[in-house]
*Asks:* 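Take this structure first; my questions come after.
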Amino acid sequence: FCQEIANRIADVKVVADSEPGKAFRDQIMSYSGELDVLREVSYRQVSDADAAVDATIIGLRAHLQALLVYPREDIREAARTIWNAIEPYGSPIRLPYNEEYAIVGRMLDTLEATTPELLSMTLVDAWVESLRSHYDAFMALRKGFHNERSEQPVGRIKATRQTLSDAWK
């Protein structure tokens, strides 16, 4: 967003060549850098990791729902047992991160406590492995995201925003 504003200012030659225009362009890029002060873990990476968890939950639930009408009774019953164990958690994918991942963690505990034969027979074991992997990746990224941002001095972004505002005047 900030880069787009800087580019548009550069396109207007009269503004781009003026001292205030140059100062503002420099300040907006500085502000952009402050907004993404963390270079190792971006919000985009956290969001992408969340999308992978969400996709896995959607796939797992769809897989189990399909097996609930499977022609073989033993497979249907195994799927029903697993479904009944996780259905109370619902589909948490539209909840805020804290709520979603508390539920996903409990869902994983429930799935991992399920008889391995049931998981294997229904091919849910692959879904559980995938969900665990994506869950752990999300949690690590989110922790890194918050830890690194918590090390930034308080008021740093506000001060940069104020400098940007002053450059605009």
*Asks:* Of the non-hydrogen atoms in Asp125 and Ser120, which two are nearest, and what is the gap between them?
*Replies:*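 Smallest interatomic distance, heavy atoms only, reads OD2-CA, 3.7 Å.
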*Asks:* Let me confirm one number: the OH-CE distance from Tyr101 to Met139, rounded to the nearest 0.5 Å.
*Replies:*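 With rounding to 0.5 Å, OH (Tyr101) is 8.5 Å from CE (Met139).
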*Asks:* Does Thr81 use its side chain to pair, donor to acceptor, with the backbone of Glu77 at less than 3.5 Å?
*Replies:*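 The answer is yes, because a donor-acceptor pair under 3.5 Å joins these two groups.
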*Asks:* Going from CG on Asp48 to NE2 on His134, what distance comes out if it is rounded to the nearest 0.5 angstrom?
*Replies:*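 So the gap between those two atoms works out to 12.0 Å.
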*Asks:* Taking the side chain as C-beta and beyond, is there a heavy-atom pair between Arg76 and Glu73 under 4.5 Å?
*Replies:*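 Contact flag for Arg76/Glu73 side chains = yes.
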*Asks:* What are the two closest heavy atoms between Gln65 and Trp83, and how far apart are they?
*Replies:*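 So the minimum-distance heavy-atom pair works out to NE2-CH2, 3.3 Å.
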*Asks:* Tell me the closest heavy-atom pair linking Ser91 and Ile57, and the distance in Å.
*Replies:*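 Nearest heavy atoms, Ser91 then Ile57: OG-CG2, 4.2 Å.
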*Asks:* Between Thr56 (side chain) and Ala52 (backbone), is there a donor-acceptor pair under 3.5 Å?
*Replies:*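 At least one qualifying donor-acceptor pair exists.
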*Asks:* Looking at side-chain heavy atoms only, is the closest gap between Val104 and Phe138 below 4.5 Å?
*Replies:*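 No, too far: nothing below the 4.5 Å cut-off.
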*Asks:* Decide whether Met121 and Leu123 are clustered together by the hydrophobic rule: side chain heavy atoms of Ile, Leu, Val, Met, Phe, Trp, Tyr closer than 4.5 Å, transitively.
*Replies:*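 Not linked; separate clusters.
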*Asks:* So which heavy atom on Pro88 is nearest to which on Asn84, and how close?
*Replies:*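 Minimum heavy-atom contact is CD-O, 3.3 Å.
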*Asks:* Work out which heavy atom in Met107 is nearest to a heavy atom in Gly90; give both atom names and the distance.
*Replies:*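 Taking Met107 first and Gly90 second, the nearest heavy atoms are CE-O, 3.7 Å.
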*Asks:* Does Glu87 pair with Arg61 as a salt bridge, N-O distance under 4.0 Å?
*Replies:*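 A salt bridge links Glu87 with Arg61.
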*Asks:* Looking at Pro92 and Glu100, what are the two nearest heavy atoms and their distance?
*Replies:*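 Minimum heavy-atom separation between Pro92 and Glu100: O-CG, 3.4 Å.
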*Asks:* Mind checking the OG1-CH2 spacing from Thr122 to Trp127? Nearest 0.5 Å is all I need.
*Replies:*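 It is 12.0 Å, given to the nearest 0.5 Å.
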*Asks:* Among Leu118, Ile86, Ile82, find the residue that satisfies the side-chain contact (heavy atoms from CB on, under 4.5 Å) test when tested with Val124.
*Replies:*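 The passing option is Ile82.
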*Asks:* Measuring from atom CG of Leu141 to atom CG of Asp136, what distance do you get when rounded to the nearest 0.5 angstrom?
*Replies:*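 Going from the CG atom of Leu141 to the CG atom of Asp136 covers 11.0 Å.
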*Asks:* Kindly compute the distance separating OG (Ser47) from CG (Asp54), expressed to the nearest 0.5 Å.
*Replies:*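 Rounded to the nearest 0.5 Å, the OG-CG separation comes out at 9.0 Å.
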*Asks:* Is the side chain of Thr114 donor-acceptor paired with the backbone N or O of Leu111 at a distance under 3.5 Å, no angle test?
*Replies:*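 At least one qualifying donor-acceptor pair exists.
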